[in-house]
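Here's the structure, in structure tokens; my notes come after.
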Number of protein chains: 2
Amino acid sequence: MLDVRRLALLAAVVDTGSMTAAAEQLGYTPSAVSQQLRRLEVEAGQPLLHRQARGVRPTEAGAVLAGHARHVLRRLSAAEADLAELAGLRRGTIALGVFPTVASALLPQVVSRFRRQYPDLRLDVRSTRFDELVELLENGTVGIALLWDYAWNRVDVPDISLTPLLDDPTVLIVAADHRLARKRFTTMSELAGEEWIVRAHDHPVAEVLERSCRAAGFTPKIAFEANDYQEAQAMVSVGLGVALAPRTAVRNPNPDVRVLALGTDVPARRVLLAHRQDRLRAPAELAMHQLLVDVAREYQTKP
Amino acid sequence: MLDVRRLALLAAVVDTGSMTAAAEQLGYTPSAVSQQLRRLEVEAGQPLLHRQARGVRPTEAGAVLAGHARHVLRRLSAAEADLAELAGLRRGTIALGVFPTVASALLPQVVSRFRRQYPDLRLDVRSTRFDELVELLENGTVGIALLWDYAWNRVDVPDISLTPLLDDPTVLIVAADHRLARKRFTTMSELAGEEWIVRAHDHPVAEVLERSCRAAGFTPKIAFEANDYQEAQAMVSVGLGVALAPRTAVRNPNPDVRVLALGTDVPARRVLLAHRQDRLRAPAELAMHQLLVDVAREYQTKP
DNA sequence: ACGCCCATGAAGCGTTGCTTCACGCTCAAT
DNA sequence: ATTGAGCGTGAAGCAACGCTTCATGGGCGT
């Protein structure tokens with residue numbers, strides 16, 4: 001393969017008409033240029049320059065080669081420009097993986113701010129289950145994923161770096177006409193007699209309920225298993241029972257229910273930012289990373 | 001400037017989907033490929049490949065860069081192909097400088113054979129005076145020039161390499177009704193009483209005449225100075241005198257004159273092939289060089 | 001005739017890029 | 001569960017390459 005640096009030298013020499021001028025332009029000594037061009041001529045098997053008293057002139061082969069060199073150099077510049085655009089966040093794609101509840105709470109803010117701050121970047125959001133999120137992260141389909149865990153079961157995936165974003169406290173949902181509906185705060189021990197709405201029995205919130213009730217000294221009576229938090233709220237609203245939920249899941253509650261804070265003894269869900277720990281990360285990923293940290297902090301302070 | 005060899009590596013890796021496969025394809029060890037790609041990533045400031053358990057996959061930046069790489073490689077191949085075409089005499093131009101008398105004698109054969117042998121090469125012929133030929137040769141306008149000289153004034157130009165092509169003996173031109181017209185051969189001593197047609201008095205043939213007559217013991221009487229050999233023949237044909245000429249100049253003589261050979265004591269013109277002694281010569285020049293040597297040899301043996 | 005500009009050469013030094021050898025990991029077959 | 005094949009990666013070392021420095025020679029303009 002022809003050496004492109006030599007070709008660049010040739011093009012400069014042909015343009016300037018002199019080896020010395022080309023050397024100066026490219027920051028070399030004339031000797032280096034002369035040596036490289038000689039090698040290029042040997043490689044080419046034919047002379048590329050006519051040596052004249054005053055500078056040099058390309059031969060036919062030299063002119064042809066210089067023409068190709070210019071094209072190659074242009075293309076290399078374009079490649080560098082593309083890299084610079086990707087690095088400068090004026091181009092590129094960031095794929096973000098999220099789970100449904102955080103999607104509805106945090107994402108509107110994330111998306112709108114991202115659009116404003118990086119109008120040239122493309123943002124792909126995929127919302128799916130926890131385990132698929134990890135998979136997407138591992139095979140590079142998404143650059144960043146939002147995950148969650150609870151204190152008794154911390155997420156730990158090899159080669160995945162985690163940054164806690166926010167604590168998502170567990171709250172109590174009661175019907176608007178519930179005896180506690182006018183309070184802003186309560187504790188588990190107040191709820192010993194309640195019937196409970198949970199999501200699927202294998203859903204983490206069910207375990208939160210189990211543990212909290214056990215800590216408060218009673219066993220919850222499960223009245224209904226809902227498929228999502230909308231359904232859970234609906235059941236609560238008609239007085240079928242009360243429910244626990246991460247606060248982000250009830251940012252905009254059903255008007256017929258009330259949301260009460262619980263003590264810190266009730267486990268909180270933790271939301272984490274996850275990415276593969278590559279030694280080098282795509283600029284767009286770094287940008288999204290920072291943006292998520294910012295949005296989460298603001299969300300935490302003024303919910 | 002991005003290193004094209006690294007880009008080639010990247011393209012191969014992206015194509016094959018594996019560093020090892022790319023390494024094998026390009027004759028490197030996997031380790032070398034891995035090291036080079038890592039450097040390229042550092043240069044790019046962002047990851048180019050997603051390392052997976054089974055091979056690798058390009059990131060967005062990697063795909064972009066690989067695309068540019070493919071263009072660059074194509075262009076380099078085209079450049080090499082062009083050089084090969086020039087070297088393989090399937091393309092290119094050869095400029096030949098000649099002087100008028102050899103042009104008419106040797107050139108038809110040269111041109112027709114060149115056309116036949118190298119149909120893809122372009123042939124430029126420039127016919128001009130001796131000193132301008134040297135100039136054209138020195139500044140590269142022509143790659144090969146045909147020159148001539150006489151024994152007493154050998155051509156010698158610095159940095160110009162000379163190859164004798166043929167000896168062009170001096171012949172005698174007489175009118176068809178001249179007393180020697182029926183002979184094929186004569187000597188200068190037979191011509192002591194003649195009147196002479198010469199070309200310009202500073203023309204070399206005038207000096208040939210001077211020297212030959214002096215050697216034969218007489219001084220020529222100049223009857224006319226002609227501008228070219230056609231004019232000289234015309235003057236001879238009407239009996240104004242006899243003339244000397246290089247044989248190649250009267251290949252197709254005027255029907256009203258006769259051409260006689262002279263002894264070897266009359267100086268012969270020497271025709272030479274001249275080229276700049278570059279350490280590397282264009283393939284088309286080498287081809288033309290050889291062709292001229294061949295044509296000259298044949299011309300010499302069966303004129 | 002002088003100085004200036006240009007291309008070029010030999011020698012030497014620093015960098016680079018490769019190979020070799022070894023390791024850790026994942027997947028699939030036994 | 002174990003083994004083996006395939007893949008990427010790392011440290012060390014060696015050879016080649018490309019540059020600089022210093023010096024030479026030729027042609028041009030003042």
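Not measured: the values here are computed from a predicted model. In the text below, chain A, chain B and the rest are named by the order of the sequence lines, each starting its count at 1.
Pairs of residues two or more places apart, or lying in two chains, that qualify as side chain to side chain donor-acceptor pair (under 3.5 Å) and include a residue from residues 76-87 of chain B are A:His68-B:Asp82, B:Asp82-B:Arg91.
In this structure, A:Leu40 places its CG atom 15 Å from P of D:dC17, rounding to the nearest Å. When rounded to the nearest whole Å, the span between CD of B:Glu138 and C1' of D:dG27 equals 12 Å.
Side chain to side chain, B:Ser31 and B:Gln35 meet the donor-acceptor criterion of an N or O pair below 3.5 Å. Between A:Arg281 and A:His289, the side chains place a donor N or O and an acceptor N or O closer than 3.5 Å (distance only, hydrogens not considered).
Listed by chain and residue number, A:Glu41 satisfy the salt bridge (charged side-chain N to carboxylate O under 4.0 Å, His left out) test with A:Arg51 (two or more places apart in sequence, or in another chain). Listed by chain and number, the residues in a side chain to side chain donor-acceptor pair (under 3.5 Å) with B:Arg6 are B:Gln36, B:Glu43 (sequence neighbours excluded). Among residues two or more places apart in sequence or in another chain, the salt bridge (charged side-chain N to carboxylate O under 4.0 Å, His left out) test is passed with B:Arg122 by B:Asp124.
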Quick one, give me the B/S/- string for nucleotides 3-14 of chain D, reading 5' to 3', where B means a protein heavy atom under 4.0 Å from the base and S means that only happens at the primed atoms, P, OP1 or OP2. ----SSBBB---
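Between A:Arg270 and A:Asp168 the shortest side-chain heavy-atom distance does not fall below 4.5 Å. Contact annotation: the side chain of A:Arg269 approaches that of A:Thr101 to within less than 4.5 Å [non-hydrogen atoms, C-beta and beyond].
In summary, contact between chain A and DNA chain C, defined as any nucleotide atom under 4.0 Å from a heavy atom of the protein, begins and ends at C:dC6 to C:dA10 in the 5' to 3' direction.
For D:dC17, neither phosphate oxygen OP1 nor OP2 lies less than 4.0 angstrom from any side-chain nitrogen or oxygen of A:Arg39.
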